[in-house]
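Just the heavy atoms: all of them, side chains too, but no hydrogens, waters or symmetry mates, feed the values below.
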Amino acid sequence: MTRESQGDSGTESGKRSEPRSIDWTDTETFSRALERADTREKGNYFEAFAEGDLIEHDPGLTLTRWGNEAWMSQTLNHDPAYWRTDAARERGFDEPPIHPDYLTAATLGITVEDLSEKGGYFLGRTDVRFPGAPVYAGAELRVESEVVSTATSSSRPEYGIVTWRTRGRDAETDEVLCSYERTNMIPRREPVATDGGSSGAAAAEEPDGDEPALPDEFVTPEGGSFEDFREALERADDRDAAVAYRHERGRTQDDTTVAGLPLATLNTAKQHHNADVMADSPSGDIVTYGDVTRSTALGHARSDEDTYREVGFDDEKFHTFVTPGDTVYAFTRVLEAEDTGQEAGAVRFEHIAFNQDDEPVYSGTRTAEIRKRSS
């Protein structure tokens with residue numbers, strides 16, 4: 001074979017081996033490509049967590065006046081100390097500070113990609129505290145989580161149960177600004193064999209067989225001062241009565257509350273913004289970030305009290321889904337009032353958020369300092 005004939009043969013062979021041009025945007029072709037392509041997954045399965053692990057979350061978040069006011073306005077938290085300089089200074093702040101609800105939501109939102117983006121039920125949060133000085137716009141938030149415990153869910157073998165202690169710190173000073181402990185069910189990479197019994201966490205969700213009777217009387221405070229709450233408790237004392245009442249306002253969930261607010265806190269959970277994925281979920285739709293539901297209910301409650309300062313939250317649980325179009329209302333029970341000798345007294349509440357069908361969607365206890373009449 002001559003050099004020329006070899007060249008011709010090579011050219012012809014080369015033409016025969018050229019791949020056919022692929023139109024990747026052809027619907028049928030692209031569908032077949034998707035079936036074969038691996039998915040670059042986000043989030044971690046249960047097996048990634050071990051007791052004692054310390055997770056430093058990226059990227060962190062700068063707490064802004066805009067973010068603070070957007071959160072407060074959409075959840076109906078209108079305390080003037082967080083909006084106006086004159087009211088803030090009367091409360092002892094240098095300027096309007098960051099609201100604790102926004103700080104809590106931002107702290108949790110940053111953790112989602114590492115801890116709970118895979119999904120799973122939010123079983124509860126407790127010991128929510130704000131140990132540092134007031135937080136102001138411009139503070140840069142750095143968040144870390146420590147794995148407190150892991151457990152098998154006997155009732156749901158496709159999940160495990162993880163508890164984390166999370167701390168939101170000032171990135172410049174390292175001061176802890178917000179801390180809490182939360183527990184989630186997290187999907188397993190591989191389900192485990194179980195005896196079919198109920199796990200501790202799952203059993204806690206089961207209602208008791210014998211439900212106690214409600215009090216004969218519900219007492220409503222005359223106003224929103226510390227003395228009003230204390231006097232209402234005194235009226236209920238030694239009677240079959242509870243200091244308990246509902247709040248008039250409601251907030252219907254829309255695009256801003258369901259998707260906008262969580263995304264602004266870097267909460268990447270698909271449950272809040274991916275309607276396609278959530279169409280086949282138990283809720284059938286995207287769902288409201290739990291901290292939006294909680295903050296909305298607390299906003300309703302705070303509108304009927306003279307709140308001076310938030311102290312902390314415990315025993316928080318989320319009972320069912322809140323989806324676009326649902327309306328969040330609030331109910332409050334006053335548990336105790338303690339006079340601290342200051343211009344505000346400490347009041348402990350139980351708050352229950354409920355929807356338009358009167359179904360509880362959130363519950364938790366809250367301790368707040370409530371301004372006295374004479375201050």
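The closest side-chain heavy-atom distance from V292 to H272 is not below 4.5 Å. Side chains of R294 and F313 form a contact here, defined as non-hydrogen atoms less than 4.5 Å apart.
The CD atom of E227 sits 6.5 Å away from the NZ atom of K372 when rounded to the nearest 0.5 Å. Taking CG of L103 as the start and CG of L141 as the end, the distance is 6.5 Å to the nearest 0.5 Å. For the atom pair CZ of R371 and OG of S225, the computed distance is 11.0 Å after rounding to the nearest 0.5 Å. Between the OG1 atom of T107 and the CG atom of L177 there is a distance of 7.5 Å, given to the nearest 0.5 Å. From E56, atom CD reaches atom OG of S145 across 10.5 Å, with rounding to the nearest 0.5 Å.
Residue L233 is found in a hydrophobic cluster whose other members, listed by chain and number, are V219, F226, F229, V243, Y245, V334, V347, F349, I370; membership requires side-chain heavy atoms under 4.5 Å apart, directly or through intermediates. Alongside F93, the hydrophobic cluster contains Y136 (criterion: ILVMFWY side chains under 4.5 Å). Apart from L34 itself, the hydrophobic cluster it occupies contains F30, where clustering links Ile, Leu, Val, Met, Phe, Trp and Tyr at side-chain heavy-atom distances under 4.5 Å. Other residues sharing a hydrophobic cluster with L76 under the 4.5 Å side-chain heavy-atom criterion for ILVMFWY residues do not exist; the residue is a singleton.
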Before giving the answer on salt bridge (Lys or Arg N to Asp or Glu O under 4.0 Å), spell out for R302 and E310 the whole-Å C-alpha distance, their side-chain angles and the decisive distance to 0.1 Å.
-> CA-CA 11 Å; R302 291 175 181 130; E310 296 295 333; 2.9 Å; yes

Could you please spell out the steps behind the salt bridge (Lys or Arg N to Asp or Glu O under 4.0 Å) verdict for E41 and R189?
-> CA-CA 12 Å; E41 296 189 32; R189 188 176 292 277; 5.1 Å; no

Show the numbers, then the answer: is there a salt bridge (Lys or Arg N to Asp or Glu O under 4.0 Å) between R366 and E305?
-> CA-CA 13 Å; R366 163 180 170 248; E305 65 188 46; 2.5 Å; yes

Test salt bridge (Lys or Arg N to Asp or Glu O under 4.0 Å) on D216 and R239 and set out the steps.
-> CA-CA 9 Å; D216 285 340; R239 297 157 60 184; over 6 Å; no

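Remark: side-chain polar atoms of N355 are paired, donor with acceptor, to backbone N or O of D357 under 3.5 angstrom. The backbone N or O of T320 sits nowhere less than 3.5 Å from a side-chain atom of E359 that would complete a donor-acceptor pair. Listed for the T365 side chain is a donor-acceptor partner under 3.5 Å among the backbone atoms of D314. Remark: the backbone N or O of A81 is paired with a side-chain donor or acceptor of D79 at under 3.5 angstrom. In this structure, D101 contributes its side chain and D291 its backbone to no donor-acceptor pair below 3.5 Å. Remark: the backbone N or O of A106 is not paired with any side-chain donor or acceptor of T265 at under 3.5 angstrom. Panel note: side chain R188, backbone E47; no donor-acceptor pair is recorded below 3.5 Å.
Judged by distance alone, the side chains of R182 and S116 do bring a donor and an acceptor atom under 3.5 Å apart.
Every residue two or more places apart in sequence or in another chain that forms a ring-ring contact (aromatic ring centres under 6.0 Å, His included) with Y82 is listed here: H99. Listed by chain and number, the residues in a side-chain hydrogen bond (donor to acceptor under 3.5 Å, both in side chains) with H319 are S363 (sequence neighbours excluded). Remark: Y102 engages no residue in a ring-ring contact (aromatic ring centres under 6.0 Å, His included) (not counting sequence neighbours). The side-chain hydrogen bond (donor to acceptor under 3.5 Å, both in side chains) search around D23 returns T25, not counting sequence neighbours. For F49, the ring-ring contact (aromatic ring centres under 6.0 Å, His included) criterion is met by W164, not counting sequence neighbours. Residues satisfying the side-chain hydrogen bond (donor to acceptor under 3.5 Å, both in side chains) criterion with E51, sequence neighbours excluded, are absent altogether. Residues passing the side-chain hydrogen bond (donor to acceptor under 3.5 Å, both in side chains) test with T29, sequence neighbours excluded: D26.
A cation-pi arrangement is absent between R246 and F354, since the terminal nitrogen or guanidinium carbon is not both under 6.0 Å from the aromatic centre and inside a 45° cone about the axis.
Considering D53, L54, I55, T166 as possible partners of E146, the one that fulfils the side chain to side chain contact (heavy atoms under 4.5 Å, CB included) test is L54.
Under the 4.5 Å side-chain heavy-atom criterion for Ile, Leu, Val, Met, Phe, Trp and Tyr, I110 and L115 are members of distinct hydrophobic clusters.
Ring geometry for Y289 against W71 counts as perpendicular: the plane angle is over 60°, on a 0 to 90° scale with 30° as the lower cut.
Among pairs with a residue in residues 250-264, those fulfilling side chain to side chain donor-acceptor pair (under 3.5 Å) read Q74-R251, R251-D254, T252-T327, Q253-T257, Q253-T288, D254-T257, at least two apart in sequence or across chains.
Other residues, nucleotides and ligands place more than 12 heavy atoms under 6.0 Å from the CD atom of Q356.
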